[in-house]
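The sequence lines fix the lettering, A, B, ..., with proteins before strands; numbering per chain opens at 1.
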Amino acid sequence: MKQLNYIVGRLLQIIPVLFFVTVLIFMMIHLIPGDPAETILGDKATVEQLTILRHQMGLDRPLVEQYLLFLKNLGTLNLGDSFIYHVPVTDLLANRVPVTIALTIMSTIFGALIAFPMGYFAAFNKDRAFDQGVRVWTLIALTMPGFWIALLLMLLFGLKLHWFPVGGLGEGLFGKFYSLILPAFTQALGLSALWTRNLRNNVVDVLRMDYVDFAKSKGLRDRVVIVRHVLRNALISTVTLMAMSFTRMLGGSVITETVFALPGVGKLMVDSIFARDYGIIQAITFIFALLVMVMNLATDISYSFLDPRVKLE
Amino acid sequence: MRKSRVIIGLVLIAVLAVTLTLAGCSGKAKNTGKTIIMARPADSDNLDPVMQDGNVNIWVFNLAMEGLVKTDNEGTKNDLPALATEYKWSDDKKAITFTLRKGVKFSDGTNMTADDVVFSLNRAYQTKDSPWQFALDAISKVEKVDADHVKVSLKQPAPAAMAGLAMFNAVITSKAYFDKVGAQGYSQKPLGTGPFYIAEWKKGEYILLKRNPYYWEKGKPLVDQIKITVVPDDNTRIMQLQSGAVDMVENIPFSRIADIQKDPNLNMILVPSTMTYYLGFNLTKKPFDNLKVREALAYGTDKAALIKTVVFGAGYEATSFMPKSGPNWDATIKSRPYDPDKAKAMLKDAGVAPGTKLELSINSANVTQVQIATVLKDQWARIGIDLQVKQMDNATLRSTYKALNHQIIIAGWTNDIVDPSEIAAYMTYPDTSKNFWTGWAIADPAGAKKAEDLARKAEYETDAAKRTQEYNELQEYIDQQMPRISLYHTPYTFATSKKITGFVQTPLGNYLFQNLDKTK
């Protein structure tokens, strides 16, 4: 019951935060210089043409009125229309959000598959050759720019070996999944380097703890000690890190999407900012603010499973 | 606990197994039948010919739509028959009567009528917030004469009117279709009589064009489908072409031209275009109000070095403010030669002290502008100018120069019509573009007025020889006054697989894919 109260309380807290998010998004995009009407009509438009378009787009109304309209639309789950594409923002997002979510989930799975064994074995072989090797590898993976890794992978697996397509989103469910493998792997490399280092250090710290010695002296089998006591405790901060990476990727990975020509949210967001397409910017920021808050809540809840001392109250 | 561990283990094994299985499959897309895939850097945003702004849109809907007349492949003539088989000027040169081609159908199978022509042209020239209205500004009335004839009346004799009618915004659409889908629906899927029709548009991914079964030119087009995909990264686009996943690629960076020319499986195509780059001064700010300073900066700019470093030699020097590949270009104008010593002396005479800071505002996302700025900073340092490069995003930059808050910008231009009146008006008419964002008419009203008068006179001159002479006079005057320095012209860069034949792009950029084909 206490847990349920906690979760409901946290969910209710989201409402005022989201309200401030709407104020912030609205203020920020309207305060930066640049005019959507000018972007749409280009340099060759006359002042008269710009005035007509600004009126049609409602940009000549007072800012407060524009904000209230935005809130009203949001209340009725209407995210508005894109200035540039002339279609509802929901239609634009409907195709792109699944791509970004699939890419994020696949990257996280691949990242975890690389990071967990590496971090774990590096800690158990502290300062030996394997650990040194992992350290060098994490350094390289962290410092190599994402677009460079992407190009190298495409050159090798796409152009030379023909194992994967060179960019683009495939057709059908299988084709889509297949075309996301290389981009997900690209993202996973950078992520896993960070997670590996974090997990390695945590495991090294936990192994020094008295309770590990105590568990061993109780006569528990090594496997039980590792799974119940070492890994579980070591994972707390890694899970936080993973949750943060996950939410960041959900916001769209512009470089990966650009290099692999994937129609995801990140590229749309950046293009919309350059074009001052207020509708899209507002909608995406709002949705992802919501997602970040839900993810944070989920991470907090996960602590109580990993560490029984953490109570959701 | 044990059960959940087993499940997690199984999931991980499944993911690995699928990944490894997929890794064994071939990723090479096989092209079957007559579908041509073309990759380009950006998606379209609005396909309404009257309301859109930009090549990403024009080059697509032009494959699906046609006007009464069209330009030739070289972009020099603008009155070749398209949906009209012939036309006749009235004796007073104030009206043109077009004879419509018989049996033309829209791609939905309905007949094109004179009413559709009147509707389409009326919308093109009467829509006040259309950025292309200027090209049809001479029109006073469009009326149906009979089922086969349409008359276009002009406010006054205007030689540029035909060029305007050959432009992309004067394409013919079905009135019934427009009424049915409305302006918003039309902007997503316009209907025309062209060789292809827009079958599907998946935003940010691709546009699929299919062969128009009712196309009036028998036996054309030669391919069933053209799929235009969006691949923003230059390297990825080229790799897709090399791997055979796509057949044609738009917008090859100049740095990669030599690589592609060496590839035995690819064709590198450089299409002469009207693309012109300039350095634009804001004449309302000191010291740019002084002609001596503008000229000195021209002497201090090494155009050959810019062409060599920025476009890897693929461009050629611009001399006039008008594009070399466009009509009425004046061949007698020569650039001021690169002479840093003379530039320094002139700056000294003009009272510009060594070490003076000047500000160049550029679009941070535009690689060409960043490269020009880098080279220019070095070149101008040699004449004692400390060039401060201010990078901003395009929307901010546009607001800055439109308000004349800049000092210097790098501007680009392409013609939209086969007539010099468009660029001449943009450069000299103070109301539309503040003299191409130079503020010339504000800083020097008498000088700018002279240019405006010359441009207005030439625009409406019906005698071709006289018109050429007047445009030459205008170009020479602008070269002498130098509100901006013309830097260079660049071609459109396009690469195809060797299997592709019949590729045509005009200097205006429009694709003509009626004869496009792919050999097995």
Around A/Leu173, counting heavy atoms of other residues, nucleotides and ligands shown, do more than 12 lie under 6.0 Å from its CG?
-> no
Residues, nucleotides or ligands: over 12 heavy atoms within 6.0 Å of A/Phe185 CZ | no
Ignoring hydrogens and angles, tell me if any N or O in the side chain of B/Gln184 forms a donor-acceptor pair with the backbone of A/His86 under 3.5 Å.
-> yes
Minimum-distance pair of heavy atoms, taken over all atoms of B/Gln188 and A/Tyr85 | NE2-O, 2.8 Å
Whether over 12 other heavy atoms sit under 6.0 Å from A/Met27 CE = no
Taking all non-hydrogen atoms of both residues, which atom of A/Gly167 and which atom of B/Thr236 are closest, and how far apart?
-> CA-CG2, 4.3 Å
Could you tell me which non-hydrogen atom of A/Val166 sits nearest to which non-hydrogen atom of B/Gln240, and how far apart they are?
-> O-NE2, 2.5 Å
Answer with side chain, backbone, both or neither: which region of A/Leu50 has an atom nearer than 4.5 Å to a non-hydrogen atom of chain B?
-> side chain
Tell me, for B/Phe436 versus chain A, whether the close heavy atoms (under 4.5 Å) come from the side chain, the backbone, both or neither.
-> neither
Please look at B/Thr396 and chain A and tell me whether the side chain, the backbone, both or neither of the residue comes under 4.5 angstrom of a heavy atom of that chain.
-> both
Side chain, backbone, both or neither: which part of B/Ser44 has a non-hydrogen atom closer than 4.5 Å to chain A?
-> backbone
State the CG-OG1 distance between B/Asp234 and A/Thr258, to the nearest 0.5 angstrom.
-> 11.5 Å
Side chain, backbone, both or neither of B/Val230 within contact of chain A (heavy atoms, under 4.5 Å) | backbone
Taking side chain as C-beta onward, heavy atoms only, is A/Arg276 less than 4.5 Å from B/Asp393?
-> yes
Is any side-chain N of the basic residue among A/Glu171 and B/Lys202 closer than 4.0 Å to the acidic one's carboxylate O?
-> no
Out of curiosity, A/Phe274 CZ to B/Ser364 OG, how far, rounded to the nearest 0.5 Å?
-> 6.0 Å
Which bit of B/Ser130 comes within less than 4.5 Å of chain A, counting heavy atoms only: side chain, backbone, both or neither?
-> backbone
Euclidean distance, A/Leu159 CG relative to B/Ile238 CD1, rounded to 0.5 Å = 11.0 Å
Counting only heavy atoms not in A/His30, do more than 12 sit closer than 6.0 Å to its NE2 atom?
-> yes
Which of A/Leu155, A/Thr51, A/Leu268 touches chain B most, by non-hydrogen pairs under 4.5 Å = A/Leu155
Could you check A/Lys267 against B/Asp43 for salt bridge (Lys or Arg N to Asp or Glu O under 4.0 Å), going step by step and ending with a plain yes or no?
-> CA-CA 12 Å; A/Lys267 183 81 175 60; B/Asp43 196 9; over 6 Å; no
Look at B/Pro232, B/Gly54, B/Gly204, B/Ala42 and state which one has the largest set of heavy-atom pairs under 4.5 Å with chain A.
-> B/Pro232
Are there more than 12 heavy atoms of other residues, nucleotides or ligands under 6.0 Å from atom NZ of B/Lys390?
-> no
Kindly say whether A/Pro263 contributes a backbone atom to a donor-acceptor pair with the side chain of B/Glu205 at under 3.5 angstrom?
-> no
A/Leu92, A/Leu151, A/Asn95: which one forms the most heavy-atom pairs within less than 4.5 Å of chain B?
-> A/Leu151
Over 12 foreign heavy atoms within 6.0 Å of CD1, A/Ile255 | no
